[in-house]
K.L.:
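Here it is: the structure, laid out below.
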Amino acid sequence: MGSSTTLLGEALGPGALRPLSAVPLWPSFVADDHTPVEFSVALARNEPPAVRMIVESIAEQPGRQANLTAALGVLDRLAAQHSLDLRQFDRIRDLFLPEDPQGAFAFWYSLIVGAHAAPAIKVYLNPEVRGRERGTELVSAALDRLGLGGAFPTIAGHALRREGLDRFSFFALDLMDDHRARVKTYVSHDCAEISDVTAAAAAVPEADLELLADVCAIAGAGSGPFTRRPLMSAYNFLAGDTDRPGGYSVYIPVRDYVQDDLEACERVLAVMARCGLDSTPFVLALTSIVRRPLGDGVGLIAHISLRLGRPRPGVTVYLSSEAYDVTPPRTTAMSL
């Protein structure tokens with residue numbers, strides 16, 4: 001745990017020094033209360049659970065460009081300490097790191113730690129960093145530079161079917177050697193039905209569309225349309241994937257479709273039962289972070305994701321630390 005907290009502190013940059021008793025200096029979109037870190041626990045059959053942290057580096061005097069500069073300074077230190085492979089990142093960095101970044105963020109980290117493995121580090125980049133209208137262009141160019149341009153028509157045909165409602169929202173890279181590194185593209189689906197998500201997942205031959213539909217219905221309490229925060233698709237590319245992705249994930253913002261975290265917890269447990277997964281690691285993770293009755297707020301359990309195809313099918317649950325604030329429970333009936 002000591003090494004994990006040290007890694008987290010390094011990734012936060014100067015923001016790690018700010019006390020939680022103070023208000024956040026920067027409205028980070030990592031978490032609803034602007035905490036620049038979100039935790040998650042990834043579960044798969046016959047594998048030990050992994051703890052993940054999504055982190056935004058915060059500068060001493062934060063701003064889009066200042067935070068990006070701080071994050072790149074962190075990257076230099078992490079690359080030296082953890083022997084990161086930056087070759088794929090270097091091929092596309094000029095696309096996603098302009099002098100005047102736009103949008104909600106420019107650069108986030110994902111830190112993955114396990115009991116018996118070295119930390120894995122991933123970066124998230126913003127396709128809308130040059131403006132929302134250029135997101136598709138940036139993703140297409142990035143895939144082309146990484147030798148994956150042949151897969152773009154497949155993604156577009158399955159996930160970008162509704163003009164103005166489907167858009168690229170993240171682009172991510174594992175910072176490890178080319179053979180094991182994943183490239184991931186994320187698409188947000190505003191006002192989607194479950195059928196829109198299963199159409200997106202059909203790009204991956206190994207995706208279990210029946211399981212996907214069931215999990216979306218359980219986590220979102222219906223078939224849609226999902227009119228609050230959008231469902232999100234993600235495509236995994238591994239070594240050997242050229243004309244289509246080898247893996248698919250759906251991200252369901254469960255906090256938007258429940259009244260409180262007690263209901264969200266029930267949804268998570270039902271999803272795990274449907275997937276045949278042991279819920280014990282999730283319960284332990286939730287117990288370690290919760291500081292209030294689950295019925296007293298909403299957003300502690302933020303997202304549920306279902307992973308299908310390669311590299312490791314399973315479920316991930318995203319947990320907010322609520323370091324700065326707790327969102328009150330909803331008191332009105334849910335309306336999808």
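FYI, the numbering just counts along the sequence from 1.
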K.L.:
Roughly how far apart are Met53 CE and Ser4 OG, rounded to 0.5 Å?
P.N.:
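The OG atom of Ser4 is 5.5 Å from CE of Met53, to the nearest 0.5 Å.
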K.L.:
A side-chain contact here means heavy atoms from C-beta on lying under 4.5 Å apart; do Ile252 and Cys216 qualify?
P.N.:
yes
K.L.:
Establish whether Val51 and Leu319 are linked, either directly or via other cluster members, by ILVMFWY side-chain heavy-atom contacts under 4.5 Å.
P.N.:
yes
K.L.:
Enter the distance from His189:NE2 to Ser233:OG here, rounded to the nearest 0.5 Å.
P.N.:
2.5 Å
K.L.:
Determine yes or no for a side-chain-to-main-chain donor-acceptor pair under 3.5 angstrom, with Asp33 supplying the side chain and Ala323 the backbone.
P.N.:
yes
K.L.:
When you compare the side chain of Lys184 with that of Lys122, does any pair of heavy atoms fall below 4.5 Å?
P.N.:
yes
K.L.:
Can a donor-acceptor pair be found, under 3.5 Å and without considering hydrogens, that links the side chain of Ser188 to the backbone of Met232?
P.N.:
no
K.L.:
Under 4.5 Å between side-chain heavy atoms, hopping through other hydrophobics if needed: is there a path connecting Val139 to Val123?
P.N.:
yes
K.L.:
Can a donor-acceptor pair be found, under 3.5 Å and without considering hydrogens, that links the side chain of Asp261 to the backbone of Leu300?
P.N.:
yes
K.L.:
Whether the side chain of Arg91 engages the backbone of Arg145 through a donor-acceptor N/O pair (distance < 3.5 Å, no angle test) should be reported.
P.N.:
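Pair absent, no side-chain N/O of Arg91 close to backbone of Arg145.
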K.L.:
Going from CD1 on Ile155 to CG on Leu160, what distance comes out if it is rounded to the nearest 0.5 angstrom?
P.N.:
8.0 Å
K.L.:
Would you name the heavy atoms of Asp174 and Arg182 that are closest together and state the gap between them?
P.N.:
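Between these two residues, the closest heavy atoms are OD2-NE, 2.7 Å.
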K.L.:
Could you check if a side-chain atom of Glu56 sits within less than 4.5 angstrom of a side-chain atom of Asn67, using non-hydrogen atoms only?
P.N.:
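Glu56 reaches Asn67 side chain to side chain.
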K.L.:
Is there a side chain to side chain donor-acceptor pair (under 3.5 Å) between Thr316 and Arg307 once you walk through the steps?
P.N.:
CA-CA 8 Å; Thr316 301; Arg307 307 185 305 277; 2.6 Å; yes
K.L.:
Keeping the roles fixed (side chain from Tyr248, backbone from Thr198), state whether a donor-acceptor pair exists under 3.5 Å.
P.N.:
no
K.L.:
Please say yes or no: joined through hydrophobic side-chain contacts below 4.5 Å, possibly via intermediate residues, are Phe170 and Ile54 part of one cluster?
P.N.:
yes
K.L.:
For Val183 and Leu173, work out which heavy atoms get closest and say how close.
P.N.:
CG2-CD2, 3.6 Å
K.L.:
Identify whether the distance between the nearest side-chain nitrogen and carboxylate oxygen of Arg93 and Asp90 falls below 4.0 Å.
P.N.:
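Yes, this pair counts.
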K.L.:
Report yes if the side chains of Pro119 and Val113 come closer than 4.5 Å at any heavy-atom pair, otherwise no.
P.N.:
yes
K.L.:
Do you know which two heavy atoms are closest between Arg64 and Trp26, and how far apart they sit?
P.N.:
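In terms of heavy atoms, the two residues are closest at N-CH2, 3.8 Å.
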K.L.:
Count the heavy atoms belonging to other residues, nucleotides or ligands that lie under 6.0 Å from CD of Glu133, then report whether that count exceeds 12.
P.N.:
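Yes - once you tally the heavy atoms of other residues, nucleotides and ligands closer than 6.0 Å, there are more than 12.
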K.L.:
Report the C-alpha separation of Arg255 and Thr327 in whole Å, then their side-chain angles, then the decisive distance to 0.1 Å, and conclude whether the side chain to side chain contact (heavy atoms under 4.5 Å, CB included) test is met.
P.N.:
CA-CA 10 Å; Arg255 67 193 183 282; Thr327 301; over 6 Å; no
K.L.:
Can you confirm whether or not the ring centre of Phe105 sits under 6.0 Å from the ring centre of Tyr124?
P.N.:
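No, ring centres 6.0 Å or more apart.
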K.L.:
Report yes if some heavy atom in the side chain of Ile92 is under 4.5 Å from a heavy atom in the side chain of Gln88; otherwise report no.
P.N.:
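No, their side chains stay 4.5 Å or more apart.
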K.L.:
Establish whether Phe39 and Leu294 are linked, either directly or via other cluster members, by ILVMFWY side-chain heavy-atom contacts under 4.5 Å.
P.N.:
yes
K.L.:
Can we say Glu47 and Arg312 salt-bridge, meaning some charged N sits less than 4.0 Å from an Asp/Glu carboxylate O?
P.N.:
yes
K.L.:
Between Arg330 (side chain) and Gln259 (backbone), is there a donor-acceptor pair under 3.5 Å?
P.N.:
no
K.L.:
Measuring from Leu212:CG to Ile194:CD1, what's the distance to the nearest 0.5 Å?
P.N.:
8.0 Å
K.L.:
What is the minimum heavy-atom distance between Cys265 and Leu286, and which atoms define it?
P.N.:
SG-CD2, 4.0 Å
K.L.:
Look only at the side chain of His34 and the backbone of Ser28, and say whether a donor-acceptor pair between them is shorter than 3.5 Å.
P.N.:
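Side chain of His34 to backbone of Ser28: a pair is present.
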K.L.:
Yes or no on side chain to side chain contact (heavy atoms under 4.5 Å, CB included) for Tyr109 and Leu78, after CA distance, side-chain angles and deciding distance?
P.N.:
CA-CA 11 Å; Tyr109 285 99; Leu78 293 179; 4.0 Å; yes
K.L.:
What's the verdict on side chain to side chain contact (heavy atoms under 4.5 Å, CB included) for Leu143 and Tyr235, showing C-alpha distance, side-chain angles and the deciding distance?
P.N.:
CA-CA 12 Å; Leu143 290 174; Tyr235 295 108; over 6 Å; no
K.L.:
Tyr318 side chain to Ser305 main-chain N or O, any donor-acceptor pair under 3.5 Å?
P.N.:
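No, because the side chain of Tyr318 does not come within donor-acceptor range (under 3.5 Å) of the backbone of Ser305.
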K.L.:
Between CG of Leu231 and SG of Cys191, what distance do you get to the nearest 0.5 Å?
P.N.:
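One finds 10.5 Å between CG of Leu231 and SG of Cys191.
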K.L.:
A side-chain contact here means heavy atoms from C-beta on lying under 4.5 Å apart; do Leu75 and Leu84 qualify?
P.N.:
yes
K.L.:
Is Val129 close to Phe107 at the side-chain level, that is, under 4.5 Å between some pair of heavy atoms?
P.N.:
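Sidechains of Val129 and Phe107: no contact.
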K.L.:
What distance separates Met272 CE from Leu43 CG, expressed to the nearest 0.5 Å?
P.N.:
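Atom-to-atom, Met272:CE and Leu43:CG are 4.5 Å apart.
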K.L.:
Please tell me whether Leu25 and Phe29 are part of a single hydrophobic cluster in this structure, the criterion being side-chain heavy atoms less than 4.5 Å apart.
P.N.:
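No, it is not one cluster - the side chains of Leu25 and Phe29 are not joined through contacts under 4.5 Å.
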K.L.:
Let me see the working for Thr185 and Phe237 under side chain to side chain contact (heavy atoms under 4.5 Å, CB included), right down to the final yes or no.
P.N.:
CA-CA 9 Å; Thr185 61; Phe237 293 90; 4.3 Å; yes
K.L.:
Does Gln61 have more than 12 heavy atoms from other residues, nucleotides or ligands lying within 6.0 Å of its CD?
P.N.:
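Incorrect, the count does not exceed 12.
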K.L.:
Quick one: does any side-chain atom of Asp76 pair with a main-chain N or O of Gly73 as donor and acceptor, under 3.5 Å?
P.N.:
no
K.L.:
Side chain of Ser320, backbone of Glu322: donor and acceptor closer than 3.5 Å?
P.N.:
yes
K.L.:
How close do Asp296 and Val326 get, counting heavy atoms only, and between which atoms?
P.N.:
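For Asp296 versus Val326, the nearest heavy atoms are O-CG1, 4.2 Å.
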K.L.:
To check you understand the geometry: which heavy-atom pair defines the closest contact between Ala219 and Ile304, and what is its length?
P.N.:
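Scanning both residues, the minimum pair turns out to be CB-CD1, 3.9 Å.
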K.L.:
Should Glu137 and Arg130 count as an ion pair when the cut-off is N to O under 4.0 Å?
P.N.:
no
K.L.:
Answer whether the closest heavy-atom distance between the side chains of Leu95 and Phe171 falls below 4.5 Å.
P.N.:
no
